[in-house]
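None of the values given here were measured: they were computed from a predicted structure. Throughout, a chain's letter reflects where its sequence line sits, starting with A, and its residues are numbered from 1.
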Protein chains: 2
Amino acid sequence: MSSPSAQAHRPDPAPIFAALGDGTRLSLLAKLSDGQARSIAALSADTEITRQAVTKHLRVLEDAGLVSSARVGRESRFSFRPEPIAEARSYLDLVSEQWDDALSRLRAFVER
Amino acid sequence: MSSPSAQAHRPDPAPIFAALGDGTRLSLLAKLSDGQARSIAALSADTEITRQAVTKHLRVLEDAGLVSSARVGRESRFSFRPEPIAEARSYLDLVSEQWDDALSRLRAFVER
DNA sequence: GCCATAGGCAACCTCCTGGTTGCTGATACC
DNA sequence: GGTATCAGCAACCAGGAGGTTGCCTATGGC
């Protein structure tokens with residue numbers, strides 16, 4: 001296409017982390033990470049908060065790409081999407097790597 | 001022994017993700033992950049925002065354990081702390097793992 | 001056709017967040 | 001000792017996040 005970059009290789013990871021930065025959303029993700037798609041009602045069943053609040057959290061997760069939704073009959077089925085998790089992981093790897101390299105250089109400098 | 005924390009080794013990862021969920025904080029971390037401790041003034045030098053704003057972000061990072069600060073003379077030197085990164089990574093691994101297991105089970109079920 | 005259930009929409013509320021400005025105290029420098 | 005630099009503190013502000021309630025639409029089951 002006419003898109004300038006050969007590939008949008010590293011989309012800003014901050015929104016993914018932000019989406020993960022809430023306990024309620026983490027537990028929603030934990031439920032969904034078993035591969036089973038679930039309706040909003042099902043996901044709200046054993047929580048303290050209202051269905052509306054759960055819906056909002058699901059929208060946040062969806063905006064971050066962590067879940068996808070599909071309407072099935074009168075239900076909205078949400079399912080887990082692993083890609084952003086991998087992306088977040090690879091960002092953390094990047095940081096750790098930079099840190100490890102810095103340590104190695106420091107050690108090399110001190111020890112020689 | 002009968003202490004409720006038979007495994008205190010998994011403190012809620014949400015605050016860590018929350019701290020990572022901001023572009024400004026990510027770039028502060030990126031700078032610090034080279035192992036060099038830096039003063040607030042140094043870290044504010046090439047940003048758009050004020051020193052005060054940077055200070056607030058640093059406090060957030062510190063609360064999440066991602067950086068530590070030490071007063072040296074009139075400076076507050078901040079340095080990177082890798083532990084929470086590892087923690088966040090291991091949480092992501094947990095989720096991915098659960099997902100992979102679910103996929104395997106599904107595949108086994110379909111293919112037999 | 002009726003009723004129960006699933007869910008979307010909108011308004012509203014409270015508290016937190018990210019940011020600013022202004023001021024003050026402490027340390028370094030010459 | 002005077003001045004410039006580093007940083008902490010407090011007040012303030014706008015907007016967003018998380019949550020609620022009320023109401024309305026659509027679908028499914030009988």
Side-chain angles (χ1 to χ4, degrees), chain A residues 11-32 36-81 84 88, chain B residues 11-32 36-81 84 88:
Chain A
D12 183 10
I16 301 174
F17 288 127
L20 295 173
D22 179 280
T24 305
R25 287 195 289 269
L26 283 187
S27 59
L28 286 173
L29 263 193
K31 287 182 199 172
L32 288 175
Q36 288 246 321
R38 284 170 180 81
S39 70
I40 298 182
L43 288 168
S44 317
D46 54 343
T47 60
E48 301 290 306
I49 62 181
T50 60
R51 172 182 58 86
Q52 287 304 328
V54 171
T55 299
K56 286 193 184 178
H57 283 299
L58 287 171
R59 297 268 170 257
V60 173
L61 289 172
E62 190 172 21
D63 286 347
L66 285 158
V67 302
S68 65
S69 65
R71 193 88 194 217
V72 176
R74 65 180 163 181
E75 299 188 330
S76 255
R77 297 256 178 86
F78 283 80
S79 38
F80 182 73
R81 281 195 61 233
Chain B
D12 183 10
I16 301 175
F17 287 128
L20 295 173
D22 177 282
T24 303
R25 287 196 289 269
L26 282 187
S27 57
L28 286 173
L29 263 193
K31 286 181 199 174
L32 288 175
Q36 286 247 321
R38 285 172 180 81
S39 72
I40 297 181
L43 288 168
S44 316
D46 55 342
T47 59
E48 302 290 306
I49 62 181
T50 60
R51 173 182 58 86
Q52 288 305 328
V54 171
T55 299
K56 286 193 184 179
H57 283 298
L58 286 171
R59 298 267 171 258
V60 173
L61 288 173
E62 191 172 20
D63 287 348
L66 285 157
V67 302
S68 66
S69 65
R71 194 88 194 220
V72 177
R74 67 180 164 182
E75 299 188 328
S76 255
R77 296 258 179 85
F78 283 81
S79 37
F80 182 74
R81 281 195 61 234

Side-chain donor or acceptor of B:Arg81 paired with backbone N/O of B:Ser68 under 3.5 Å: no
Sidechain-backbone polar pair: A:Arg77 side chain, A:Glu75 backbone, donor-acceptor under 3.5 Å: no
Rounded interatomic separation in angstrom, taking NE2 from A:His57 and P from C:dG7: 17 Å
d(NZ, A:Lys56; P, C:dG7) in whole Å: 17 Å
B:Phe78: ring-ring contact (aromatic ring centres under 6.0 Å, His included) partners, not counting sequence neighbours: none
Sugar-phosphate, base or nothing in reach of A:Arg77, heavy atoms under 4.0 Å: nothing
Spacing of B:Leu26 atom CG relative to C:dG18 atom C1', expressed in whole Å: 15 Å
From A:Asp63 atom CG to A:Arg59 atom CZ, the distance as rounded to the nearest 0.5 Å: 8.5 Å
Length of the CZ-P vector between B:Arg59 and C:dG19, whole Å: 16 Å
Only distances under 3.5 Å count here; give the side-chain donor-acceptor pairs of residues 40-47 of chain B to other protein atoms, sequence neighbours excluded, each with its distance to 0.1 Å.
from, atom 1, to, atom 2, distance (Å)
B:Ser44, OG, B:Ile40, O, 2.6
B:Asp46, OD1, B:Lys31, NZ, 2.9
B:Thr47, OG1, B:Ser44, O, 2.9
B:Thr47, OG1, B:Ile49, O, 3.4

Nearest heavy-atom neighbours spanning B:Arg71 and B:Ser76: CD-OG, 3.9 Å
Intermediate values then yes/no, side chain to side chain contact (heavy atoms under 4.5 Å, CB included), B:Arg51 and B:Thr55: CA-CA 6 Å; B:Arg51 173 182 58 86; B:Thr55 299; 4.2 Å; yes
Touch class at under 4.0 angstrom, heavy-atom based, for B:Ala41 against every strand present: sugar-phosphate
Contact summary for A:Asp12 and A:Ala14, nearest pair of heavy atoms: OD1-N, 3.0 Å
For A:Ala37 against A:Ser79, the heavy-atom pair lying closest together: CB-CB, 4.0 Å
Candidate nucleotides C:dT20, C:dG7, C:dG18, ranked by approach to the side chain of B:Asp22 - the nearest: C:dG18
Chain B footprint on DNA chain D, 5' to 3' - any atom under 4.0 Å from a heavy atom: D:dA4 to D:dC9
List the atom pairs, donor and acceptor, that lie under 3.5 Å between side-chain atoms in residues 18-26 of chain A and the rest of the protein, sequence neighbours left out.
from, atom 1, to, atom 2, distance (Å)
A:Asp22, OD1, A:Thr24, N, 2.8
A:Asp22, OD1, A:Arg25, N, 3.1
A:Arg25, NE, A:Ala19, O, 2.7
A:Arg25, NH1, A:His57, ND1, 3.1
A:Arg25, NH2, A:Ala18, O, 3.3

Angle of first-five versus last-five pair axes in the helix from C:dG1-D:dC30 to C:dC30-D:dG1, to 10 degrees: 30°
Between OG on residue A:Ser69 and CG on residue A:Leu61, distance to nearest 0.5 Å: 11.5 Å
Review item, nucleotides 21-30 of chain C N/O atoms under 3.5 Å of protein N/O:
from, atom 1, to, atom 2, distance (Å)
C:dT27, O2, B:Arg74, NH1, 3.2

